[in-house]
Amino acid sequence: MEEQVKEIMASVFEVASNQITEDTTPQSLENWDSLRHINLVVALEDAFAVEFDEEEIADMISYKLVIHFLKGKKSN
Amino acid sequence: MMELKYFELLAKNKELAEAITGEPVQIKILSNIIVHQLKEVLEYSLRIEGIPAIVALGNYDNILQDAVQLQNEKVVIFWEISNILDQLPYKIDLFSDNEYEELTSKVKSEITLLLNLLQEVPFVVFNLFSAIPFTNQYLLPSKLDQMASSLNKFIRQEATANIHLVSLDKVYAQIGLEQAIDMRNYYTSKALYKPDFFKKYALHVEPAFRAILGKVKKALIFDCDNTMWSGVLGEDGVEKLKMSASEPAGVPFSAVQSLALQLHAQGVLLGLCSKNNPQDVDDILSNHPDMQVRDEHLVIKRVNWQDKISNLREIAKELNIGLDSILFIDDSDFEVNLIREQLPEVRVLQVPKKAYQYPQLFQQTVAAFFNPYLTEEDRNKSGMYKQQFARENSKNEFGTLEDYIRSLEIKIILYEDAPELIDRMVQMTQKTNQFNLTTRRYTETEMRTFVDSDAYKVVAIGVEDKYGDNGITGLAILRYEPEGVLIDSLLMSCRIIGRSIEWKFLDTLISHYSSETIYATFKASSKNQQVTDFYQQAGFTLVQEIAEEKHYKISKSEYKEHATLDYIAVVHGRASERNNGLSV
């Protein structure tokens, strides 16, 4: 799953996939702005057949948190 | 395209961008909601058809302002009725008749102005208003429905021949509202639509782009068996073939023949390319009572036992058209795959295994490859007169954007050092990116310090016009030093940009709150390019440039106010009197 998330983040944020690391955050990645954040959520929901709620979306602001919330969804 | 996941589409779109060549086709989307995902989806849907599309997005809720600045782009307009006023779907039924009429006529005058601004644009896709996402449960039309139909009626009357009207209702009907609408993202970000909606929408409008760019097919070539009729002539015999609307198995083929004749009437070349005995097929064309397509409709016949690759090549040669102008329909997996492999320029459509799906596929797909706008254009000839009429008319009304903005009766309300607004002001420093001169992010504690301190003046503005309240949408933080006043922060929400409010605000800061010398800073961020020259344009002198910061100064007596902005009123307000529950 982690690898696919990195790939998705790379295509949503329009960067090379090696630019997405464990430490990627909106601060470290210029293209991670609020509009592309919606794209990320939509792309993840589409890819993993899950649905996030508003708070989760607002809190999903690092690579690690993305993985955290996604795992939480998948285990439910 | 519908089966493609959104992230896959993003990746493929990027690949296509690198692969495709030719003069780029620039398209600009103007909208009053967030539709940014449409950019890649529309690009992809056009790029797979060989059109090097580049789609750009206008500013949020700036349809009119962006329309003034169009260069040479084709235009797509997303004007969402639910956001012409904040929370409109939930408030409109509380409106008095008067309020309803006033809002409707305001939007109508905006439509007139927009259509005026778009006159020179060769191709505009304009979505008709739809209230369906907000009113699907009512038996009687709601006020929102009424407003949508009244506006649509108006648009149909006023639209000139370059405006291509699109019904979103058809898109909703095809994928269902649940797949189309995302209320979660609408409430948080004004992003109403899901990717599936954009995909379907792109498929819906893409043929129109193809038509306008001359990328249309010219000839429609049919196989015969299980394509023109149900059954195989050589095996079943002529009496077993079905193509009559009175027999269940014949219905789809009867329908397709009618549709083919309709294309013929529009000038599409029809032909046959089939492995059969030519005299047997000729016999059917002349004598079969249920045949609708007859010899007279066919411009070419290649009925023989030769391979279809050679036949199609000959057809192209004889008709003097490119292979890429041919659309071929066949039912056989073998033939379809062979042609796709050997003659990739020819577009091949396979008859669905379930014949009842055939007419719909034909209508949605085949027809779109030809020029389905021929009749539309004919119908639009009367549009030319209307265009003239609209021009004459607008002279009396709003000729320019400036006239229009003047008519809005814009009012800036100043709130000085207002503790009630601290939350909102903090939020603005955190979230505002584009119109933000220094992009300094402040916490609540810091903001409270500024509000309480005599060394600072915090000025928030609310913006109202005769149609309503735009909420608290601008902020300046001034710091008083012995040598003068320093503009520490100056920012405005993008939804009010484009009405010269920014200049009036700066005028006000200088006339109301400044000492003799004013110092200002522009600090470049990745998102605030639009204000790079803001202070320069206002007449400030650049005194120093360090890394990404530019430092300016001007004296109060040197500063020239924007005298033409006399139509924007500036008043003082009390924050405690705000918040009647209706404003943002």
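Keep in mind that what you see is a predicted model, and the values were worked out from it rather than measured. Order of the sequence lines fixes the chain letters, A, B, ..., with proteins taken first and strands second; residue numbering starts at 1 for each chain.
Neither the backbone nor the side chain of Leu44(A) comes within contact range of chain B, judged by heavy atoms closer than 4.5 Å.
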To see if you've got the definition right, give the donor-acceptor pairs under 3.5 angstrom between chain A and chain B.
{"unit_1": "Leu35(A)", "atom_1": "O", "unit_2": "His36(B)", "atom_2": "NE2", "d": "3.0"}
{"unit_1": "Asn39(A)", "atom_1": "OD1", "unit_2": "His36(B)", "atom_2": "NE2", "d": "2.6"}
{"unit_1": "Asn39(A)", "atom_1": "OD1", "unit_2": "Gln37(B)", "atom_2": "NE2", "d": "3.1"}
{"unit_1": "Asn39(A)", "atom_1": "ND2", "unit_2": "Tyr6(B)", "atom_2": "OH", "d": "3.2"}
{"unit_1": "Glu45(A)", "atom_1": "OE1", "unit_2": "Arg184(B)", "atom_2": "NH2", "d": "3.0"}
{"unit_1": "Glu45(A)", "atom_1": "OE2", "unit_2": "Arg184(B)", "atom_2": "NH1", "d": "2.5"}
{"unit_1": "Glu45(A)", "atom_1": "OE2", "unit_2": "Arg184(B)", "atom_2": "NH2", "d": "3.3"}
{"unit_1": "Asp46(A)", "atom_1": "O", "unit_2": "Lys5(B)", "atom_2": "NZ", "d": "3.3"}
{"unit_1": "Asp46(A)", "atom_1": "OD2", "unit_2": "Tyr6(B)", "atom_2": "N", "d": "2.6"}
{"unit_1": "Phe52(A)", "atom_1": "O", "unit_2": "Arg184(B)", "atom_2": "NH1", "d": "2.6"}

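Rounded to the nearest 0.5 angstrom, Ile34(B) CD1 and Ile38(A) CD1 are separated by 6.5 Å.
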